[in-house]
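Structure, as structure tokens:
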Amino acid sequence: MLYDLAKAVHILAVIVWIAGMCVAAMTLRHPSPKMLPAIQAFDRRVTTPAMLLAWIFGLYIAINGGWFGENWLSVKILLVLILSGLHGMITGRLRKKTWEGGTQADGATRMVLPLGFGLVVAIVVLVTTKAF
Ligand code: HEM
């Protein structure tokens, strides 16, 4: 029961985290000085805490479910580390863009949405199929 509840919190936190990342990435592609401070505040107050919750509850269910050592989990954690790094990059560029202002698209974030989407697909398929 506690395990299932922790998994529910894990999935909810992941949803909020990924939604926040999408909004932040879209804002960097089409920046508006009006929106940037709000999106940056949302990232700091909501998206980043959601990422931390996803990690905390993910590790909790991994330990309590006895999943550590399974190959699918090792690969999943590697992919989640890359996703977290991508989020770190967005957070940094969002802070910089908010400080600078301006409406020029952030070219370096062009690959964030397709790469992030690919990572999420791979992570979800891995954890649901546990194919290896
Ligand atoms: C932050 C590090 C993460 C760890 C340590 C972790 C670990 C786990 C573990 C051990 C389970 C339980 C598997 C089961 O009971 O069958 C799980 C479930 C799940 N995780 Fe994660 N996870 C992490 C991040 C993520 C991310 C980033 C996503 C999506 C992008 C994700 C999506 C899911 C989904 C959809 C489930 C439910 C699978 C099912 O019940 O079939 N997780 N996670």
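Note that the structure is a prediction, hence the values are computed from the model and not measured. Counting starts at 1 for both ligands and their atoms, following the listed order. Quick note: numbers below take in every heavy atom, side chains included, and nothing from hydrogens, waters or symmetry partners.
Cation-pi geometry between Lys76 and Trp67 is not satisfied (NZ or CZ under 6.0 Å from the ring centre, within 45° of the ring normal).
Close contacts of ligand 1 with Ile123, meaning ligand atoms under 4.0 Å from a residue heavy atom, involve 26 (C), 28 (C), 29 (C), 30 (C), 31 (C). Close contacts between ligand 1 and Val80 involve ligand atoms 1 (C), 2 (C), 24 (C), 27 (C) [criterion: under 4.0 Å to a heavy atom]. Taking every non-hydrogen atom of Ala62 and a distance limit under 4.0 Å, the qualifying atoms of ligand 1 come out as 10 (C).
The protein heavy-atom contact nearest to atom 1 (C) of ligand 1 is Trp55 CD2, 3.2 Å. Summary of contacts: the protein heavy atom closest to atom 35 (C) of ligand 1 is Val127 CG1, 4.1 Å. Atom 40 (O) of ligand 1 has its closest protein heavy atom at Lys7 NZ, 2.8 Å. Summary of contacts: the protein heavy atom closest to atom 11 (C) of ligand 1 is Ile61 CD1, 3.4 Å. What sits closest to atom 12 (C) of ligand 1 on the protein, heavy atoms only, is Tyr3 OH, 3.4 Å. In this structure, the protein non-hydrogen atom closest to atom 4 (C) of ligand 1 is Gly58 CA, 3.7 Å. Annotation: atom 3 (C) of ligand 1 to nearest protein heavy atom, His10 CE1, 4.0 Å. At the top of the distance list for atom 26 (C) of ligand 1, counting protein heavy atoms only, stands Val14 CG2, 3.7 Å.
Counted within 6.0 Å of CZ on Arg44, heavy atoms from surrounding residues, nucleotides or ligands total more than 12; the atom is thus considered enclosed. In the displayed structure, Met35 atom CE is contacted under 6.0 Å by at most 12 heavy atoms of other residues, nucleotides or ligands. Around atom CZ of Arg45, no more than 12 heavy atoms belonging to other residues, nucleotides or ligands sit under 6.0 Å away. Open room surrounds NZ on Lys96; 12 or fewer heavy atoms of other groups in view lie less than 6.0 Å from it.
Side-chain contact between Trp17 and Leu83 is present, with heavy atoms from C-beta onward closer than 4.5 Å. Taking the side chain as every heavy atom from C-beta outward, Trp55 and Ile77 approach each other to under 4.5 Å. By the 4.5 Å heavy-atom criterion applied to side chains, Val112 and Met89 are counted as neighbours.
In terms of hydrophobic clustering, with Ile, Leu, Val, Met, Phe, Trp and Tyr side chains grouped at heavy-atom distances under 4.5 Å, Ile18 and Phe117 are assigned to different clusters. Using a 4.5 Å cut-off between side-chain heavy atoms of Ile, Leu, Val, Met, Phe, Trp and Tyr, with links allowed through other members, Tyr60 and Val16 fall into different hydrophobic clusters.
When the options Leu59, Thr128, Thr129 are ranked by their closest heavy atom to atom 41 (O) of ligand 1, first place goes to Thr128.
Atom 21 (Fe) of ligand 1 has an N, O or S atom of Lys76 inside 2.8 Å of it.
Heavy-atom separations between Lys130 and ligand 1 include at least one value shorter than 4.0 Å.
For ligand 1, the polar-atom distance check finds no N/O of Trp17 at less than 3.5 Å from any of the ligand's N/O atoms.
At a 4.0 Å heavy-atom cut-off, ligand 1 touches Ile11 through the side chain alone.
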